[in-house]
Structures are given as structure tokens and as C-alpha cells.
Amino acid sequence: MLHIKDLRSGLSVFKALGSDIRIEIVELLAKHQSLNLNDLAALLKLTNGAVTMHIKKLEDSGLIRIATAVGKHGVQKICCLNEDKLIVDLRSREAGKLYEVELKVGHYSHYQAAPTCGLATKDRIIGEFDDPRYFADPQRIDAQILWLTEGFLEYRIPNYIKPNQSFQELQFSMELGSEAPGFCDNYPSDIYFLVNGIELGYWTSPGDFGDIRGTFNPEWWPPNLNQYGLLKLIRINRDGSYIDGSRISDVSLKDLNLDHRSDITLRIEVGERSRNKRGFTLYGRSFGNYSQDILARVLYADHDSP
């Protein structure tokens with residue numbers, strides 16, 4: 001999510017979107033996940049040089065990113081969206097302060113996993129496929145992708161709030177998909193999210209995607225396995241809980257009862273709650289289509305000391 005908090009700070013983005021061709025490029029990347037420059041030029045019926053100029057402006061604005069990949073005809077430049085949401089604040093908000101932390105997908109504090117399951121660093125598989133014991137391996141801290149058919153992963157989020165501050169919103173962003181043996185694009189799975197043991201709601205992942213190679217997958221990653229997921233944004237504020245802007249429950253910050261002394265845990269789970277019990281795959285920055293791990297944001301406000 002790209003959050004523009006005041007109009008002037010978003011000038012580069014607005015200029016980048018001030019072109020029908022560049023908007024069409026964004027729409028094509030949203031539809032196809034990723035495209036190389038030759039594909040974009042062909043779809044737009046433009047020369048590679050003309051497309052490169054437009055791509056440069058979109059890249060400079062932060063709306064897209066470019067990765068290099070080795071293909072049949074040499075090195076290719078692969079373009080994909082850097083964000084899947086754009087939010088612009090037209091008015092300033094009182095709760096304008098935040099901190100964020102990025103947790104590696106292997107940095108869970110508690111887990112339960114049932115086959116099919118596994119995990120890998122950017123360089124190798126950890127242990128063996130379908131053996132849950134390796135989720136306790138010390139190397140799991142460096143995991144960049146992991147998957148399980150049933151179970152959960154729980155992460156501890158650092159609480160840096162001070163006694164004279166209050167929580168305004170929690171946000172969690174991550175790339176997720178289902179977990180099929182190999183992959184299956186049509187494989188719905190109900191993935192639940194809990195904070196401090198309180199159920200927020202769930203998202204039904206449509207599948208375990210493998211139709212095209214993930215943009216950031218290492219070269220050694222087999223083509224017959226999970227390739228990429230979808231970027232999801234979970235928000236909890238005073239009004240309720242949301243996924244990608246859609247309300248999933250009435251659970252609010254008040255229900256979580258958070259203050260400066262609180263632990264904060266995020267659990268991602270497929271279990272007894274799930275009607276469609278087809279697991280989940282969690283992607284870190286070295287796999288999938290988004291170069292990020294689990295991103296946690298805490299929005300807070302200051303209060304005058306008594």
C-alpha cells in the first residue's frame with residue numbers, strides 16, 4: 001500500500017499517472033502480475049524506447065519496480081506493480097504518527113504444521129519436504145517461504161508505545177496463497193487472522209498460484225511448486241477489522257485492550273475454523289511477486305501528560 005499523507009508529497013505519483021499510456025501500463029501489470037518490456041511494447045503497440053520512457057517515470061514514482069531475469073533471449077527486464085493500493089489523505093489526521101517493523105516469515109514464535117508442509121531460505125530447502133520437525137530448525141529464522149496444509153504461525157510484534165500514547169490502528173501486510181501439492185490455481189482456502197488470540201476474521205485465498213514464475217523466486221526454485229501469492233492488508237482500528245478495505249468483523253482496538261504494556265501477537269491459521277481447509281503459503285521478500293516480508297505498522301497518537 002502506498003499511503004500519501006499530503007498532496008505535495010505525492011506530486012511524483014500524480015505526475016506519473018498523468019498519462020493515458022502510463023495508466024494503461026499500470027492496468028496491464030495489475031492484470032498480468034508481471035510483464036517484460038517487449039510484452040508491454042507489443043500490447044501497447046509502441047516502440048521499446050517509448051515504453052522505456054514511460055516505465056522510467058513509473059519506477060521513479062515508486063509505483064512499479066523492475067527486476068532482471070535470464071530468459072531464452074538473454075537478460076530481460078521484468079516489470080511489476082510495487083504496490084497494490086494507493087491511498088491519498090486530502091485532509092491531515094490527528095493520528096499521523098506510526099512505526100513499522102518487517103518480520104521475516106521464518107521469525108515466528110510459535111507454530112503448528114501438518115503436511116504438505118515445508119520451508120526454504122533463498123538458497124535451499126530447510127530439511128525435507130512434509131516433515132513438520134524442520135519448522136523448529138534454527139535455520140528457519142532465515143526462511144523466505146513456508147507452507148502448510150493445516151496449522152498456524154504466530155509472530156510477536158514489538159510494542160514501542162509509551163505511557164502517554166495510545167493505539168489508533170494496527171496494520172499487517174503480507175503475500176499469501178493456498179497450499180496445494182505442487183500448485184493449483186483454483187484451490188480456495190479460508191485463512192484466519194488472530195491478534196492476541198482474538199479472531200479478527202478470515203480471507204478466502206482463491207488458489208495456490210503457479211501459472212507463471214514468481215518475480216523474485218530464486219533460479220533454483222522448481223517450476224512445479226508454489227510461485228506467488230496475493231498481497232493482503234489487514235487493518236484493525238476503532239471501527240472494526242478490515243482486509244483490503246472490506247470489513248471482516250466488528251472486532252476493534254477496544255476489544256484488543258492494548259496499551260504500552262501489552263504483548264502483540266499475530267496468528268495466521270488454517271484449522272478447525274476453516275470451512276475450506278487447504279492451507280496457506282507465506283512468501284518473504286526473496287519469493288513471490290512482492291519484495292517484502294511481513295510488514296507490521298502501528299499508528300498511534302500522543303496525549304498530554306497529566
Side-chain angles (χ1 to χ4, degrees), residues 1-7 9-10 62 83-111 152-176 190-203 230-269 271 273 280 282 284-285 290 292-306:
M1 179 185 71
L2 181 59
H3 187 183
I4 298 174
K5 296 182 179 180
D6 64 86
L7 292 176
S9 68
E83 306 284 352
D84 67 343
K85 288 185 180 297
L86 174 62
I87 295 178
V88 181
D89 289 343
L90 297 180
R91 296 179 180 175
S92 61
R93 299 180 179 180
E94 291 183 5
K97 296 186 176 181
L98 65 84
Y99 70 83
E100 61 182 33
V101 293
E102 199 163 5
L103 301 174
K104 291 183 179 180
V105 299
H107 203 185
Y108 45 84
S109 56
H110 192 25
Y111 76 92
F152 66 84
L153 297 170
E154 189 169 276
Y155 298 85
R156 294 182 66 86
I157 312 301
N159 181 356
Y160 299 135
I161 293 295
K162 298 177 181 179
N164 66 329
Q165 296 171 336
S166 64
F167 288 84
Q168 300 294 294
E169 183 165 296
L170 296 179
Q171 298 180 1
F172 304 104
S173 174
M174 67 201 75
E175 185 175 355
L176 274 173
D190 298 336
I191 303 172
Y192 278 78
F193 304 94
L194 298 85
V195 170
N196 289 358
I198 297 175
E199 180 185 314
L200 306 178
Y202 71 94
W203 168 65
L230 299 174
L231 192 66
K232 310 310 295 180
L233 175 65
I234 300 100
R235 297 170 50 234
I236 312 100
N237 56 33
R238 294 179 178 181
D239 299 320
S241 297
Y242 303 82
I243 293 182
D244 294 341
S246 298
R247 190 181 187 89
I248 56 172
S249 77
D250 294 333
V251 175
S252 67
L253 284 178
K254 182 178 179 181
D255 299 307
L256 299 181
N257 195 29
L258 298 175
D259 62 23
H260 67 282
R261 295 161 295 192
S262 301
D263 290 332
I264 307 174
T265 61
L266 169 68
R267 179 177 288 203
I268 307 164
E269 180 177 76
R273 296 178 175 85
F280 66 82
L282 186 58
R285 63 170 53 252
Y290 299 91
Q292 71 164 69
D293 295 302
I294 298 173
L295 185 63
R297 296 187 185 94
V298 177
L299 283 69
Y300 62 93
D302 290 328
H303 302 286
D304 294 333
S305 300

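Numbers here simply count residues along the sequence, with the first being 1.
- Formation of a donor-acceptor pair under 3.5 Å by the Ser249 side chain with backbone atoms of Leu200 is found in this model.
- A search for salt bridge (Lys or Arg N to Asp or Glu O under 4.0 Å) contacts involving Asp244 returns Lys232, not counting sequence neighbours.
- Between Leu98 and Val298, the closest side-chain pair of non-hydrogen atoms is not below 4.5 Å.
- Note on ring orientation: taking the six-membered ring where Trp is involved, the planes of Tyr99 and Tyr300 are tilted (angle from 30° to 60°).
- With sequence neighbours left out, the ring-ring contact (aromatic ring centres under 6.0 Å, His included) criterion links His110 to Phe152.
- Of the possible donor and acceptor atoms, one in the side chain of Tyr155 sits under 3.5 Å from a partner among the backbone N and O of Val105.
- The neighbour count for Tyr202 OH, taken as heavy atoms of other residues, nucleotides or ligands under 6.0 Å away, does not exceed 12.
- Inter-residue side-chain proximity for Arg238 and Gln168 is flagged as met; some heavy-atom pair is nearer than 4.5 Å.
- At a threshold of 4.5 Å between non-hydrogen side-chain atoms, the residues Lys97 and Gln165 do not count as touching.
- Checked by atom type and distance alone, the side chain of Glu102 pairs as donor or acceptor with a backbone atom of Asp293 at under 3.5 Å.
- Put simply, the side chain of Leu170 reaches to within 4.5 Å of the side chain of Leu258, judged on heavy atoms.
- A heavy-atom distance below 4.5 Å is not found between the side chains of Glu199 and Val251.
- In this structure a side-chain-to-backbone donor-acceptor pair under 3.5 Å is missing from Ser173 to Leu295.
- The shortest side-chain heavy-atom distance between Ile268 and Tyr108 does not fall under the 4.5 Å cut-off.
- Note: Ser241 OG to Phe193 CZ = 11.0 Å, rounded to the nearest 0.5 Å.
- Here the CD-CG distance, from Glu154 to Asn196, works out to 8.5 Å after rounding to the nearest 0.5 Å.
- Note that the CD1 atom of Ile191 and the CG atom of Leu176 stand 5.0 Å from one another [nearest 0.5 Å].
- For the atom pair CD1 of Ile236 and CG of Leu266, the computed distance is 8.0 Å after rounding to the nearest 0.5 Å.
- Remark: Ile161 CD1 to Ser166 OG distance equals 7.5 Å, nearest 0.5 Å.
- Considering only heavy atoms from C-beta on, Ile248 stays 4.5 Å or farther from Trp203 through its side chain.
- Residues Leu103 and Phe172 have side chains not in contact (no heavy-atom distance under 4.5 Å, counting atoms from C-beta outward).
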